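Written out below as structure tokens is the structure these notes cover.
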Protein chains: 2
Amino acid sequence: MHVDARERLIDATTELLPRDGYSAMSPASIQRLARVGQGSMYHHFSGKAELARAALERNADTLMVACEAATRGEGTPVQRVCAYLQRERDPLLGCPVGRVAQDREVVEDERLREPIGEMFAALEQRIAAVLAEDARIDAPTELAAMVVAVLQGAYVLARAAGERGPFDRAIDGATRLLQTIDKGDDR
Amino acid sequence: MHVDARERLIDATTELLPRDGYSAMSPASIQRLARVGQGSMYHHFSGKAELARAALERNADTLMVACEAATRGEGTPVQRVCAYLQRERDPLLGCPVGRVAQDREVVEDERLREPIGEMFAALEQRIAAVLAEDARIDAPTELAAMVVAVLQGAYVLARAAGERGPFDRAIDGATRLLQTIDKGDDR
DNA sequence: GTCTATAACTCGATAGAC
DNA sequence: GTCTATCGAGTTATAGAC
């Protein structure tokens with residue numbers, strides 16, 4: 001079985017984006033990993049930006065699906081959001097999408113920023129909707145933004161520390177705090 | 001009154017680091033802003049990395065001082081931590097220190113990662129110490145990590161969205177949640 | 001559709017005059 | 001201590017053969 005070059009290029013970019021970021025990810029490295037030549041890459045994509053956008057959209061989809069799966073489980077709304085927070089992640093690598101949101105080139109190119117902004121907005125909305133199922137929780141919108149922010153910030157701290165400790169502490173702190181507002185009696 | 005070239009170089013780098021990140025910040029732009037020539041810069045510093053480290057240390061010091069000032073005020077421990085969260089910031093620019101913590105070149109160069117990691121550790125410790133003043137708060141260490149993470153994540157969300165909305169929501173959510181554990185009777 | 005060669009540019013850093 | 005000229009490497013992208 002053999003996937004075509006276009007597909008392999010997106011696969012490779014999907015893998016390299018979180019590792020190198022956008023600016024530091026060179027077309028040469030993509031071509032190497034995808035086992036695709038220079039000319040081939042520029043045949044399928046107009047350039048690095050278009051390829052990165054395709055890969056970002058794919059990574060964003062994957063994360064959205066994972067969020068929906070994690071929050072669809074059993075338990076109170078708060079418990080389901082906590083389950084999402086506790087998901088398996090690789091803190092030292094960085095978030096496959098958020099990792100590049102600090103990159104200046106990305107933020108200044110609307111085509112690249114768009115899929116990232118949309119994913120975070122969708123994540124926030126999804127989590128807010130789950131929390132809103134419990135009518136006694138006020139400000140579900142703000143709590144949802146906080147949940148997404150804790151995750152992204154936890155990645156930043158882990159990378160800055162060179163170890164996952166701060167990541168786990170931050171997630172743990174957020175989980176504990178959320179549980180204190182969970183009355184846990186609406187199942 | 002006239003500051004020497006060395007000082008102007010650090011000043012300029014201090015300003016450019018949060019704006020451009022590390023990789024995208026070129027020595028040429030530093031020289032332009034500092035009104036210092038190429039040769040002069042390489043006379044005072046061994047290169048871009050050494051200059052960036054000096055600037056990062058300065059930015060980290062500034063932020064630590066601001067955190068200590070904000071948490072030294074009136075009110076319960078939780079109120080003082082919330083006051084720190086609510087400090088005036090420029091979400092679309094990015095944190096003067098955390099902004100570069102995602103950069104691969106920075107993370108892989110111990111000389112650059114060190115001052116960043118140390119600042120976050122110090123922030124966490126400071127906030128944990130404040131929260132620990134209230135003996136009824138459990139897991140002050142984890143809550144402190146969460147507070148620092150929320151801030152860093154809020155920056156990420158704002159840059160990804162291209163507007164400060166998500167930043168304000170995340171800070172607001174964290175503030176509200178923290179206030180729910182504040183019994184507010186130990187002053 | 002894929003290849004190789006190379007253009008056009010920018011990067012960080014160095015050399016050597018003054 | 002500061003200047004200008006330049007190096008060598010690496011960048012994204014294009015040209016043109018196959």
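Source: prediction; values computed, not measured. To find a chain, count down the sequence lines: A is the first, B the second, and so on, and within it residues start at 1.
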What residues 10-22 of chain A contributes to the DNA chain D interface at heavy-atom separation below 4.0 Å is none
Note: A:Q152 and A:G98 closest approach over all heavy atoms is OE1-CA, 3.3 Å
Write down the atom of B:L51, the atom of B:T13, and the distance for their closest heavy-atom approach.
-> CG-OG1, 3.3 Å
Determine, for nucleotides 13-18 of chain C in 5'-to-3' order, which nucleotides have protein heavy atoms under 4.0 Å from the base (write B), from only the sugar-phosphate (write S), or from neither (write -).
-> BB----
salt_bridge(A:R104, A:E108) N-O dist < 4.0 Å | yes
Send over the distance from [X] [atom1] to [N] [atom2], rounded to a whole Å.
{"X": "A:H44", "N": "C:dC3", "atom1": "NE2", "atom2": "P", "result": "10 Å"}
{"X": "A:L51", "N": "D:dT12", "atom1": "CG", "atom2": "C1'", "result": "13 Å"}
{"X": "A:R35", "N": "C:dG1", "atom1": "CZ", "atom2": "P", "result": "18 Å"}
{"X": "A:M25", "N": "D:dT11", "atom1": "CE", "atom2": "P", "result": "12 Å"}
{"X": "B:I30", "N": "C:dG12", "atom1": "CD1", "atom2": "P", "result": "8 Å"}
{"X": "A:L9", "N": "C:dG1", "atom1": "CG", "atom2": "C1'", "result": "12 Å"}
{"X": "B:R32", "N": "D:dC3", "atom1": "CZ", "atom2": "C1'", "result": "17 Å"}
{"X": "A:F45", "N": "C:dT2", "atom1": "CZ", "atom2": "P", "result": "12 Å"}

Choosing from C:dC11, D:dG1, D:dT11, which nucleotide comes nearest the side chain of B:S26?
-> C:dC11
Report the C-alpha distance between B:C67 and B:L63 in whole Å, list the side-chain angles of each, state the deciding distance to 0.1 Å, and finish with yes or no for side-chain contact (heavy atoms from CB on, under 4.5 Å).
-> CA-CA 6 Å; B:C67 171; B:L63 293 187; over 6 Å; no
Give a yes or no answer on whether the side chain of A:S29 reaches the backbone of A:S26 with a donor-acceptor pair at less than 3.5 Å.
-> yes
Short question: side chain of A:R8, backbone of A:V3 - any donor-acceptor pair under 3.5 Å?
-> yes
Ring-face cation contact, B:Y84 with B:R89, 6.0 Å cut, 45° max | yes
side-chain hydrogen bond (donor to acceptor under 3.5 Å, both in side chains) filter on B:T14, not counting sequence neighbours, yields none
Evaluate whether atom CD of A:E110 has more than 12 neighbouring non-hydrogen atoms of other residues, nucleotides or ligands under 6.0 angstrom away.
-> yes
Across all chains, not counting sequence neighbours, the side chain to side chain contact (heavy atoms under 4.5 Å, CB included) partners of A:R159 are A:R99, B:Q102, B:V107
In numerical order, the residues of residues 99-107 of chain B whose heavy atoms come under 4.0 Å of DNA chain C are none
ring-ring contact (aromatic ring centres under 6.0 Å, His included) with B:F167: which residues, sequence neighbours excluded?
-> B:Y155
Would you tell me if any nitrogen or oxygen in the side chain of A:H43 comes within less than 4.0 Å of OP1 or OP2 on C:dG1?
-> yes
